[in-house]
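So the structure is just underneath, and the comments pick up after that.
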Amino acid sequence: MAHDKITLADRVLQVPPSPTLAVNAKAKALKAAGADILNFSVGEPDFDTPAHVCEAGKKAIDEGHTRYTAVPGIPELREAVCNRFREDHGWEYAPEQIQVCCGGKHGLYNIFQAILNPGDEVLVPAPYWVSYPPMVQLAGGVPVEVPLDEQMDFDLNPETLAGHATGRTRAIFLNSPSNPTGSVFSERALRAVAEMALEHNWLIVSDDIYETITYGGDRLPHILDVEPAVKDQTIVLNGVSKSFAMTGWRIGYSAGPEYIIKAMNKIQSQSTSNPCAPSQYAALAALTGPQDFPGMMRDAFVERRDFFVRDLESIEGVTCVNPRGAFYVFPNFSAYYGRSFGGRKIEGSVAMADYFLDEARVASVPGAAFGADDFVRFSFATSMEVIREGMERIKAALAALE
Ligand code: PMP
Ligand code: GLU
């Protein structure tokens, strides 16, 4: 093999490739090669993008919307985002306070590129979504994990939070409902975050990508409602990927103080220029058209969630917090760590997920990727038949461990 002549940047060596996307690619490759794999790995709705949204995307191409757009997105879409925030939450934003970007993930990337200096710390409640720490590291920052307790339904404990803040803390992630736990932060927790953020001038990054997929009917506590004074130091991140089954269109958006959005626009102007033009028109149709689609998905998800959680909890030694939103279950399999199959010892979540893939032909994501090695994540954005069959295989695989 040729020797690598070019030295790679340290930042590349610091972060792993996205584990969710890596497991998904592996599962798809195995499936394409003929293996009977049930894929619970990647988190994307198993619904098609609504027809009227697809039509808007096609029409945009036919009408010649195939050129560069304004860096922060077309004015109509930014206006539509402002209207959604006003109608759905009563929050007022001006279009200059909105940046449309290439998916929610890209929005987070822009935020940290815009605010972090080397060594700045960002509080990351753990379990966290896989890309949070690398986003911070790629911007030169230091992610600081704040452990969440399964016994407290993964709510944020104010004392634990205070114990992880330092003079270098610049920002905190909120993700409620959460990927991977499906948990929701309580009003008490959010109030504590708001108080500390106000006192120490932290930026609050509220990743609301799962806000439309919630179970139980109650309105979820949101930091901007719990303490409106934090609006001047909060970026709300959202997008159409999950709520309108538009993962491949790559449209997300951020709302926040104008000077931060402006800084993010500078980063965007020098990197992607603007998000894909036809996709912006499709997102415009999603945000301005009928809003019943997320509710329809949620109704389908709730039956799957109930079945999955009940079946997991019926397995001896397994615990599973009932998700209040998003479409993941995050069971704790640690009671099975230390057991073996055919001389192969299950030492932790990576070995457990590998074992599920090899022996049960079930693809899942190890909890270690989310900063929580006792757990394994399964997406239930898949059919009931697949979930039923998957659970049978998981139970059989666990029973075979000695
Ligand atoms: N935040 C969380 C918590 C997520 O799970 C995802 C899913 N990929 C995103 C942000 C980004 O979504 P996307 O880039 O597909 O819009
Ligand atoms: N958010 C999804 C997941 O966690 C999509 C994949 C990704 O972007 O990480 O599986």
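Each ligand, and each atom within it, is numbered from 1 in the order the structure gives. Residue numbers start at 1 and run along the sequence shown.
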Ion pair present between [X] and [Y], side-chain N to carboxylate O less than 4.0 angstrom?
| X | Y | value |
| --- | --- | --- |
| R310 | E313 | no |
| D358 | R344 | yes |
| R219 | D88 | no |
| R86 | E92 | yes |
| E195 | R191 | no |
| R388 | E385 | no |

**Message:** With side-chain contact (heavy atoms from CB on, under 4.5 Å) as the criterion, how do Y336 and V318 come out once you've worked through the C-alpha distance, each side chain's angles and the decisive distance to 0.1 Å?
**Reply:** CA-CA 9 Å; Y336 286 82; V318 176; 3.8 Å; yes
Answer side chain, backbone, both or neither: which part of [X] comes under 4.0 Å from ligand 2, heavy atoms only.
| X | value |
| --- | --- |
| L21 | side chain |
| F327 | neither |
| N179 | side chain |

Close-contact set for ligand 2 against [X] heavy atoms, below 4.0 Å:
| X | result |
| --- | --- |
| S18 | 9 (O) |
| Y328 | 1 (N), 2 (C), 3 (C), 4 (O) |
| V42 | 5 (C), 6 (C), 10 (O) |

Identity and distance of the protein heavy atom lying nearest [atom]:
| atom | value |
| --- | --- |
| atom 5 (C) of ligand 2 | G43 O, 3.6 Å |
| atom 7 (C) of ligand 2 | T20 OG1, 3.4 Å |
| atom 1 (N) of ligand 2 | K242 NZ, 3.2 Å |

Do V130 and ligand 2 have an N or O pair less than 3.5 Å apart? no
**Asked** Looking only at N/O atoms, are S41 and ligand 2 under 3.5 Å apart anywhere?
**Response** no
Donor-acceptor side-chain pairing of E44 and S241 below 3.5 angstrom
no
- [ ] Assess S131 for proximity to ligand 2: is some non-hydrogen atom of it under 4.0 Å away?
- [x] no
Exercise. Under 4.0 angstrom from ligand 2, any heavy atom of K105?
Worked result: yes
Between the protein and ligand 1, are there any N or O atom pairs that come within less than 3.5 Å of each other, and if so, what are their names and distances?
{"unit_1": "ligand 1", "atom_1": "1 (N)", "unit_2": "D207", "atom_2": "OD2", "d": "2.6"}
{"unit_1": "ligand 1", "atom_1": "5 (O)", "unit_2": "N179", "atom_2": "ND2", "d": "2.7"}
{"unit_1": "ligand 1", "atom_1": "5 (O)", "unit_2": "Y210", "atom_2": "OH", "d": "2.6"}
{"unit_1": "ligand 1", "atom_1": "8 (N)", "unit_2": "K242", "atom_2": "NZ", "d": "3.4"}
{"unit_1": "ligand 1", "atom_1": "14 (O)", "unit_2": "G104", "atom_2": "N", "d": "3.2"}
{"unit_1": "ligand 1", "atom_1": "14 (O)", "unit_2": "K105", "atom_2": "N", "d": "2.9"}
{"unit_1": "ligand 1", "atom_1": "14 (O)", "unit_2": "R250", "atom_2": "NH2", "d": "2.8"}
{"unit_1": "ligand 1", "atom_1": "15 (O)", "unit_2": "S241", "atom_2": "OG", "d": "3.2"}
{"unit_1": "ligand 1", "atom_1": "15 (O)", "unit_2": "R250", "atom_2": "NH1", "d": "3.0"}
{"unit_1": "ligand 1", "atom_1": "16 (O)", "unit_2": "G104", "atom_2": "N", "d": "2.7"}
{"unit_1": "ligand 1", "atom_1": "16 (O)", "unit_2": "S241", "atom_2": "OG", "d": "2.6"}

Check whether more than 12 heavy atoms from other residues, nucleotides or ligands sit under 6.0 Å from atom CG of D299, and answer yes or no.
yes
Distance col, row N274:CG vs S269:OG, nearest 0.5 angstrom, shows 10.5 Å
| message | Does K345 qualify as a cation-pi partner of Y355, given the criterion of NZ or CZ under 6.0 Å from the six-membered ring centre and within 45 degrees of its axis? | response | no
> Within 45° of the ring axis of F356 and under 6.0 Å from its six-membered ring centre, is that where the NZ or CZ of R393 lies?
Replying inline: no
